[in-house]
Amino acid sequence: MSLDGFQRALADAVASPSRCLELRRDGSLLETYDLDDRERRRLLAVVGHEGMSHNCTLYRANRLTPLARSLPRTCALLGARLMPELEAFWARKPNTEVQFKLEAERFAHYLSERCNEGAFGVADELAAVLRVELSDLDRQFGLNSHF
Amino acid sequence: MGAATGIGLVFNSIVPHFLAAHVDTVDYVEVIPETLWTDRGRLATRRYEPIPAAFDEVDALAERYPIACHGIGLSIGSASALDEQHLAEIRRFADRYGVDRISEHFGFSRVRGPEGDDHHLGLAFPIPCDNDILSWMIGRIERAMGILGQPIILENGVHHTPLIEQDMTEPEFLNRIAEVTGCGVLLDLHNLHADHRNGGHAPLAYIEALDLEHVREIHIAGGSMIGRTYTDSHAGPCPPEVWDLLVDVAPRCPLLEGITFEFHDSYFPRMGSEGLCQQLQSAREIWAGLPRRHDVT
């Protein structure tokens with residue numbers, strides 16, 4: 001059993017539609033993972049299955065949801081810049097953070113860095129909206145010892 | 001507080017408001033404990049930060065309703081080390097509310113990271129139902145139940161990309177695990193329906209292969225289309241096929257304790273309070289028709 005390699009390879013494929021397409025063309029790319037023959041055949045069947053595109057869609061939707069729900073005004077202000085910035089953020093932070101507050105804080109930190117780089121014409125407005133939404137999150141999630 | 005039997009509803013931001021106005025529509029509330037805290041991961045020195053407002057809501061519900069636990073964060077099928085810290089936190093949750101039914105998902109949603117932490121996929125995938133995986137899973141489940149102090153109930157997942165060349169089917173795998181460990185099964189009928197809608201196995205074939213004596217809970221829900229795929233999005237009322245399955249299978253589960261309706265709070269406006277009441281009433285009518293042993297005491 002090399003379940004660890006199997007799960008890593010599947011996770012890498014789900015996180016990257018382009019990786020799936022590469023694997024469909026060239027199964028030898030799986031050689032970097034510790035897999036037995038059956039696991040290799042399984043993975044190639046999975047990435048070649050039509051349901052894989054849905055897995056990739058769900059993966060991206062589940063990365064977007066914490067930000068859309070936690071930082072709605074920030075997302076709205078970014079407008080058409082949102083998706084390119086998300087793609088860049090996900091490239092820098094490939095590991096999914098399923099905790100809404102933590103993911104919102106990570107994205108806010110990324111955007112602050114981008115503001116400092118002069119990436120946005122609305123940097124002052126963006127910084128102000130981020131401050132308000134992070135403050136709202138702190139109130140919503142609260143921090144105290146409840147036990 | 002009594003046992004979580006009868007008709008239940010999965011907790012979300014709408015549920016406290018709904019139940020304030022419709023008190024007797026459910027017998028228990030099922031809570032996803034991971035929504036009550038922020039989890040900073042295995043390597044954090046102070047890993048779990050409770051969300052006070054969420055605990056306040058569950059505390060208030062627990063004064064009137066039994067609480068069941070429906071975990072989403074354990075990832076029992078991950079190749080990474082069993083997350084014993086997480087199990088201990090679930091145990092604390094269960095002790096706090098007197099929970100007598102703890103369910104989790106059969107599959108994996110995390111992979112081992114390079115520094116001992118986990119990489120979250122954000123969605124669950126099936127594990128291969130092979131002989132060597134079976135013995136490994138049995139060991140993990142037994143350890144998990146030891147920490148929880150009670151049997152765990154495993155839920156069948158959705159399979160958008162089925163696995164080939166498995167040694168046994170998933171129901172056979174679940175039967176074997178349940179026989180050896182004493183764990184139970186949470187049969188999610190909408191997940192079976194979703195698989196079928198997407199070209200997968202027939203729900204009744206899965207049900208016939210499953211030993212229904214292990215089923216302690218049934219989930220029902222609605223779904224929606226994303227592109228060409230039918231998803232288990234909990235997007236509103238159950239489709240007719242799920243009701244038909246429930247009518248068929250519930251009487252054949254001798255140890256069934258509850259039927260739980262799941263909906264995502266963002267879809268509530270589509271259904272409204274009246275629509276939610278109708279779903280719960282339909283489930284209750286089916287429950288009421290079950291053999292006497294199913295009655296709420």
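Each chain gets a letter, A, B and so on, in the order the sequences are listed, and its residues count up from 1.
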Whether the side chain of Gln7(A) engages the backbone of Phe108(B) through a donor-acceptor N/O pair (distance < 3.5 Å, no angle test) should be reported. no
Largest heavy-atom contact set with chain A, pairs under 4.5 Å, which of Val111(B), Asn198(B), Asp130(B), Ile127(B): Asp130(B)
For the backbone of His120(B) and the side chain of Thr96(A), can you confirm whether one donor and one acceptor N or O come within less than 3.5 Å of each other? yes
Taking side chain as C-beta onward, heavy atoms only, is Arg38(A) less than 4.5 Å from Asp167(B)? yes
CZ of Arg176(B): more than 12 outside heavy atoms within 6.0 angstrom? no
Leu10(A) portion near chain B, given a 4.5 angstrom heavy-atom threshold: side chain
For the pair Arg69(A) and Asp265(B), find out whether any cationic side-chain nitrogen is under 4.0 Å from an anionic carboxylate oxygen. yes
Run the side-chain contact (heavy atoms from CB on, under 4.5 Å) check on Glu50(A) and Thr161(B) step by step: do they pass? CA-CA 8 Å; Glu50(A) 62 179 5; Thr161(B) 46; over 6 Å; no
Check each atom of Ala45(A) against the heavy atoms of chain B and say whether the ones under 4.5 Å are side chain, backbone, both or neither. side chain
Could you check which of Asn62(A), Val47(A), Thr65(A), Leu102(A) has the highest count of heavy-atom pairs closer than 4.5 Å to chain B? Leu102(A)
Heavy-atom closest contact (Asp39(B) atom, Gln99(A) atom, distance): N-OE1, 3.0 Å
Pick one of side chain, backbone, both or neither for Val14(A), based on which atoms fall under 4.5 Å of a heavy atom in chain B. side chain
Under 4.5 Å from a heavy atom of chain A, the part of Ser109(B) involved: neither
Does a side-chain heavy-atom distance below 4.5 Å link Arg8(A) with His119(B)? no
The side-chain hydrogen bond (donor to acceptor under 3.5 Å, both in side chains) partners of Asp124(A) (sequence neighbours excluded) come to none
About how many Å separate OG of Ser78(B) and CG of Asp4(A), when rounded to the nearest 0.5 Å? 9.5 Å
Please round to the nearest 0.5 Å and tell me the distance separating atom CD1 of Ile164(B) and atom NE2 of His49(A). 10.5 Å
Should Arg41(A) and Glu165(B) count as an ion pair when the cut-off is N to O under 4.0 Å? yes
Chain A contacts, top residue of Arg228(B), Gln166(B), Arg112(B) (heavy-atom pairs, under 4.5 Å): Arg112(B)
Which region of Ser53(A), side chain (C-beta onward) or backbone (N, CA, C, O), has a non-hydrogen atom less than 4.5 Å from a non-hydrogen atom of chain B, or is it both or neither? neither
Note: Gly122(B) and Val98(A) closest approach over all heavy atoms is CA-CG1, 4.0 Å
Check step by step if side-chain contact (heavy atoms from CB on, under 4.5 Å) holds for Glu97(A) and Arg40(B). CA-CA 9 Å; Glu97(A) 175 54 76; Arg40(B) 293 189 176 274; over 6 Å; no
Minimum side-chain heavy-atom gap Phe6(A)-Leu163(B) below 4.5 Å: yes
Nearest-0.5 Å distance that lies between atom CG in Leu121(B) and atom CG in Leu58(A): 11.5 Å
Within the 4.5 Å heavy-atom criterion, are Phe100(A) and Thr38(B) side-chain neighbours or not? no
Is a donor from one side chain sitting under 3.5 angstrom from an acceptor on the other, for Asn55(A) and His160(B)? no
Rounded to the nearest 0.5 Å, what separates atom CD in Gln140(A) from atom CD1 in Ile51(B)? 7.5 Å
Identify the two heavy atoms, one from Gly77(B) and one from Leu3(A), that lie closest to each other, and give their separation to 0.1 Å. O-CD2, 3.9 Å
